[in-house]
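Inspection log for the structure reproduced underneath, given as structure tokens.
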Amino acid sequence: MTRAQIAVRAPLLAWFDLHRRDLPWRRSRDPYAIWVSEVMLQQTQVSTVIPYWDRFLARFPTVEALAAASLPEVLSLWRGLGYYARARNLHRAAKAVVAEHEGKLPSEPELLRKLPGFGRYTTGAVASIAFGRELPVVDGNVARVLSRLFAVEGAPGDAKREALLWRRAGELVAGDRPGDFNQALMELGALVCRMESPACLLCPVRASCAALASGRVSELPAARARAPRKKLRLAVAVCRKSREVLLGMREERGLFGGLWELPCAEIAPGAGPAQVLSALQSAVGASIRLEASLGSVRRTLTHRDLELSLYRVTAKSEPRPSAGYQEFRWVSPGEAQNLGMSTAMQRALELASG
Ligand code: SF4
């Protein structure tokens, strides 16, 4: 064992044993349940994930149940969690586990890595927590802890820094209880070694912390250079036939892939009626008349600001799924509730329904 391992592993594991949060997925030894939690926790806070995880496991208690579900059903349980590609990959991976591994998540990291959605982080988390493999994980919390512990220079996103962090994490995880060790590092980042005001006095590894010893805790890690937020403006068609409204299911890629929505298309800032009409005709796949503006919905996503401008339209011919859509359907307000829609589109539908 290296000096760093000796100095960090035992105190951190002892601290984790005393201070770990009692989270529902930590009471389970089921690799599937652990996998779902790890996917949900990416980019999402623990308190947000808990009710989603409970509902998801209640509806899909096994890999087989998830694989047998339709994608809209899966996405409807994901609504509000965002990053819908995670749900699509989870669903695809469940089908692959059933088809290729008799419904059992494989324990070998090389096999896990071949499943949809299993990048380096998810593979490390599932392999270590569910199967006791000595594989590291580096998420935002772990990166912050290791940056301070070993005074690693560079800002998030810097390739040299990332490589060094994964190497450090790989050295530290070697030994017994690798799953607990990885969770302990993440827990330390979430509860003690926080971004703002870390609680160094309470930290179990403060004796080995390079940033604390050199008075550089507030400097590390360096701040990421923030890219300006992108704006996405969409014109949205509210097209009715008696009490039903036209919804389309997006192709399974992109921001809202696989989700149901009012047909919509991107428009430029300050687009006039002619551009809106042209964009919506392409989205609806039919010649339409623009009747009235119904207002707009704004949502802040992680990397962009979304603005949905709603228009009541009349179709002059039967709408047909156009580029970007797999299927169109006329649905009643009740049916729409049960389809997988993003929160933004749900708000738009509420606005359209008055
Ligand atoms: Fe983080 Fe402070 Fe602990 Fe260092 S001593 S790892 S900066 S909480």
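Each ligand, and each atom within it, is numbered from 1 in the order the structure gives. Note: hydrogens, waters and symmetry copies are ignored here, and every other heavy atom, side chains too, is used.
A cation-pi arrangement is not found for Arg86 relative to Tyr83, the charged atom failing to lie both closer than 6.0 Å to the ring centre and inside a 45° cone about the ring normal.
Of the charged side-chain nitrogens involved, at least one lies within less than 4.0 Å of a carboxylate oxygen, so that Glu252 and Arg92 count as a salt-bridged pair.
In this structure, the side chains of Leu308 and Leu306 come closer than 4.5 Å at one or more pairs of heavy atoms.
Closer than 2.8 Å to atom 2 (Fe) of ligand 1 sit the protein N, O or S atoms Cys200 SG.
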I would like to know whether Arg9 and Asp180 meet salt bridge (Lys or Arg N to Asp or Glu O under 4.0 Å); could you show each step before the answer? CA-CA 10 Å; Arg9 283 187 57 86; Asp180 281 351; over 6 Å; no
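Ring geometry, Phe56 versus Trp78: the interplanar angle exceeds 60°, so the pair is classed perpendicular (tilted spans 30 to 60°).
The cluster map of Ile, Leu, Val, Met, Phe, Trp and Tyr, joined by side-chain heavy atoms under 4.5 Å apart, puts Ile50 and Ile34 in different clusters.
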